[in-house]
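Within every chain, numbering begins at 1; the chains are lettered A, B, ... in the order of the sequence lines, protein sequences first and strands thereafter.
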Amino acid sequence: MRHIISILIENEAGALSRVAGLFSARGYNIESLTVAPTEDPSLSRMTILTSGSDDVLEQITKQLNKLVDVVKVVDLSEAAHVERELMLIKVRATGKDREEMKRMADIFRGRIIDVTESTYVIELTGASTKLDSFIAGLDAGLILETVRTGVCGIGRGDRILKV
Amino acid sequence: MISGAEIVIRCLQEEKVDCVFGYPGGSVLHIYDALFKQDDVKHVLVRHEQAAVHAADAYSRSSQRVGVALVTSGPGVTNTVTGIATAYMDSIPMVVLCGQVPTQYIGQDAFQECDTVGITRPCVKHNFLVKDVKDLAITIKKAFHIAATGRPGPVVVDIPKDVTAQMCEFDYPKTIQMRSYNPVVKGHLGQIKKAVQMLQEAKRPIIYTGGGVILSDAADKLTQLAKKLDFPVTNTLMGLGGYPATDRQFVGMLGMHGTFEANNAMHYADVILAVGARFDDRVIGNPEHFSSEKRRVIHIDIDPSSISKRVKVDVPIVGNVADVLDEMLKLLDGGCKTDPEVADWWKQIDEWRGRKSLAYRQSNHIMPQYVVEKLYEVTGGDAFITSDVGQHQMFAAQYYKFDKPRRWINSGGLGTMGVGLPYGMGVLMANPDAQVACVTGEGSIQMCIQEMSTCKQYGLPVKIINLNNGMLGMVRQWQEMFYSKRYSQSYVTSLPDFVKLAEAYGHVGMRIEKPEDVEPALRKAFTEHKDDLVFMDFIIDPGANVFPMVAAGKGLTEMILAEEL
């Protein structure tokens, strides 16, 4: 099962390595990980996309809570939430492909944020599956470079993760 | 204003630390200078940093106080890693203060630099790098707080040399609040009530307790509870002494080398009350085999991640063992009515007991079990027993009947050979008048044997009980049983003459080769040589094996018993 774990953690040197080290030491998966400070600069919010059985997930949240720097942990995917991922993708845009790329970007509500004679950089935001579909829809030979942020997410409505 | 080095010492004084185990070096010279100028904190100079951490660990195990070690940067730190990991696996509260190269050199591959925080991270409860002298006192306060509260564990504080030279006002906080660290103490009352109800309905109950009872100083409460219920009690290796071993209700240690009655009672119980224990692989064997029997499990532990980690738990109770047991006792004070069928269960247990699974074969040579039995008699069952890792450790655990907590000092989780002698030092620093015996083997003792020199310097009269079979006994036992007697590298040749070696360090050495000499030699060591370190080299039967035994991957009831071979 795919799970999105959100963590509030003290914004201190080494905090990221404690979380990453825990996952590798205990054999848990990290499919993606994003981290940045929150509106309170002393706290960072981390989002980890992981997978595992219910038992494994229970251990992951317990072990994360055990880390001294961790303030709060929540499994976002347990209830209603929204999730997004940002991708920047550089594609070859020459000849007839140039128009096709523009059209693809429009269909996926992407934006072209850099243009040269032969390339575009397209910015695309959405659920990870949408980004996957975009990549799948392109001729692989035209993709020059891809960079994705990994998933970040937030609970819907009154589900709030705060100190 | 005082220097960072003086702040370190003042913090130790504030924490009422009377003894630090350590080894000086370049990056801690300021701290050692500050140490020199005072008398409150005594320093024990070890011969290898690993021993400093082991000794601090045993100081804590035997006294309930936080053990402290002080080492220099680089190799000083890397030498401590085994000791830190040992303490971490057994949840021992300890603070390790490490020197670091000056802040401006960090990351430049300076002389004796290593990434202390990175290297120790996976084996500490928490660690800190102090980059500003203004943070020093509060960081040390946090370190002691984190080490001793919740599920205890070692905390490392990495202090760059320049920080120890900088000047700052000293202000030691009395208490500390951390928003990210608030361990649970009290158990959930609803769950406790449910557990008490379940215990009274049990027909085949067992109380299974571990190191958590010792760490939480809950041995008395556990004994009261067990007495009130009249249920059988088994201890893990780490839990020995949590319940008096000489009591009728005690069925012995369980697990890989547990008694026939303990392992059967654990397996066939319908209700297990697990207290501060974690169902690890050496305790329940194969988890699938263990789960084949239908039963209900109540689990008290301060660490939620220990609950339902290996065995599904029906009534989890997160909390400090002593507090939870207290609540249970209060509830049972209102009336305790156990199921009459428990009497049949006791009959079954007595039948298992009749199997006498700890009986051992007789021999013309000294049997190691016999040495431990005599050690028990000679010390009146009241000694602190430290141990290393291997057959001798199991013999000590099986045959020395621990009636009190904190008397059995060994490396249970990590299984670290070499801890025995430094553990003896730590115990004696915390309990100066105690009888301390280190039950060891000729393999383990050589892993920290240099500490005989430290023992000489500080007059630490550890009695070393060396069960010498000229083999790495436990390895040899497995090779005999599972590798068709191919004794690959388990035979120790070129052993030193331990008597001469002890004498060379200025101690007393004895070599005991005949069964009839065992008891007189022990008596002599504990009376005539009470104040000396005595190295007692017992030449034992080389074929002695540890039974019962649950082979790795087997179920708890699939024990190999002594006569079955």
Side-chain angles (χ1 to χ4, degrees), chain A residues 1 3 5-28 30 33 35 37-46 48 50 52-75 78 160-163, chain B residues 85 88-89 91 103 106-107 115-132 135 139 142-143 145-147 149-158 176-184 278 287 291 299 301-313 316 318:
Chain A
M1 264 288 281
H3 289 263
I5 312 279
S6 268
I7 305 164
L8 277 181
I9 190 166
E10 295 288 351
N11 186 10
E12 278 176 19
L16 172 62
S17 69
R18 289 183 207 280
V19 173
L22 168 70
F23 272 71
S24 67
R26 295 201 180 258
Y28 307 143
I30 296 183
L33 185 156
V35 58
T38 63
E39 78 282 5
D40 170 356
S42 71
L43 279 174
S44 287
R45 171 119 171 199
M46 203 179 278
I48 298 178
T50 184
S53 65
D54 289 351
D55 290 348
V56 169
L57 257 292
E58 184 183 331
Q59 272 297 313
I60 290 178
T61 46
K62 282 174 169 179
Q63 295 290 350
L64 283 169
N65 270 310
K66 223 164 106 175
L67 293 176
V68 169
D69 280 341
V70 168
V71 186
K72 275 194 176 160
V73 179
V74 66
D75 183 350
E78 266 180 352
I160 290 161
L161 181 61
K162 210 171 163 66
V163 176
Chain B
Y88 180 65
M89 285 292 270
S91 309
T103 42
I106 289 177
D115 175 9
T116 300
V117 167
I119 287 173
T120 59
R121 198 198 63 235
C123 60
V124 292
K125 182 168 174 188
H126 199 58
N127 57 17
F128 296 97
L129 169 62
V130 183
K131 283 187 168 161
D132 188 327
D135 300 331
T139 304
K142 280 183 187 170
H145 174 66
I146 293 169
T149 53
R151 179 177 180 172
V155 178
V156 166
V157 184
D158 197 19
I176 195 116
Q177 279 294 323
M178 293 173 72
R179 63 179 169 186
S180 63
Y181 177 73
N182 297 291
V184 177
R278 56 189 178 91
S291 305
H299 193 171
D301 206 294
I302 198 155
D303 176 7
S305 74
S306 282
I307 295 176
S308 288
K309 183 169 70 176
R310 304 193 73 243
V311 167
K312 202 86 199 134
V313 170
V318 177

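Chain A forms the most heavy-atom pairs under 4.5 Å with one residue out of N127(B), V117(B), I307(B), and that residue is N127(B). Among V71(A), I9(A), T61(A), the residue with the largest count of heavy-atom pairs under 4.5 Å with chain B is V71(A). When each of G150(B), S306(B), S180(B) is checked for heavy-atom pairs under 4.5 Å with chain A, S180(B) comes out on top.
Contact annotation for residues 10-22 of chain A against chain B (heavy-atom separation below 4.5 Å, listed by residue number): E10(A), S17(A), R18(A), G21(A).
Note: K125(B) NZ to L67(A) CG = 11.5 Å, rounded to the nearest 0.5 Å. Here the CG atom belonging to L43(A) is positioned 4.0 Å from the CZ atom belonging to R179(B), to the nearest 0.5 angstrom. We find the CG-CZ distance between D55(A) and R310(B) to be 13.0 Å, quoted to the nearest 0.5 Å.
Using a 4.0 Å cut-off between a side-chain N of Lys or Arg and a carboxylate O of Asp or Glu, K62(A) and D301(B) do not qualify as a salt bridge.
Listed by chain and residue number, nothing satisfies the salt bridge (Lys or Arg N to Asp or Glu O under 4.0 Å) test with D75(A) (two or more places apart in sequence, or in another chain). Residues satisfying the side-chain hydrogen bond (donor to acceptor under 3.5 Å, both in side chains) criterion with S308(B), sequence neighbours excluded, are absent altogether. With sequence neighbours excluded, no residue forms a side-chain hydrogen bond (donor to acceptor under 3.5 Å, both in side chains) with T139(B).
For chain A, no part of P122(B) is nearby; none of its heavy atoms comes within less than 4.5 Å. Residue contact with chain B, scored on non-hydrogen atoms closer than 4.5 Å, involves the backbone and the side chain of S42(A) alike.
Side-chain contact between V68(A) and K142(B) is absent, with no heavy-atom pair separated by less than 4.5 Å.
No option in E58(A), K66(A), Q59(A), R26(A) other than K66(A) meets the side-chain hydrogen bond (donor to acceptor under 3.5 Å, both in side chains) test with S305(B).
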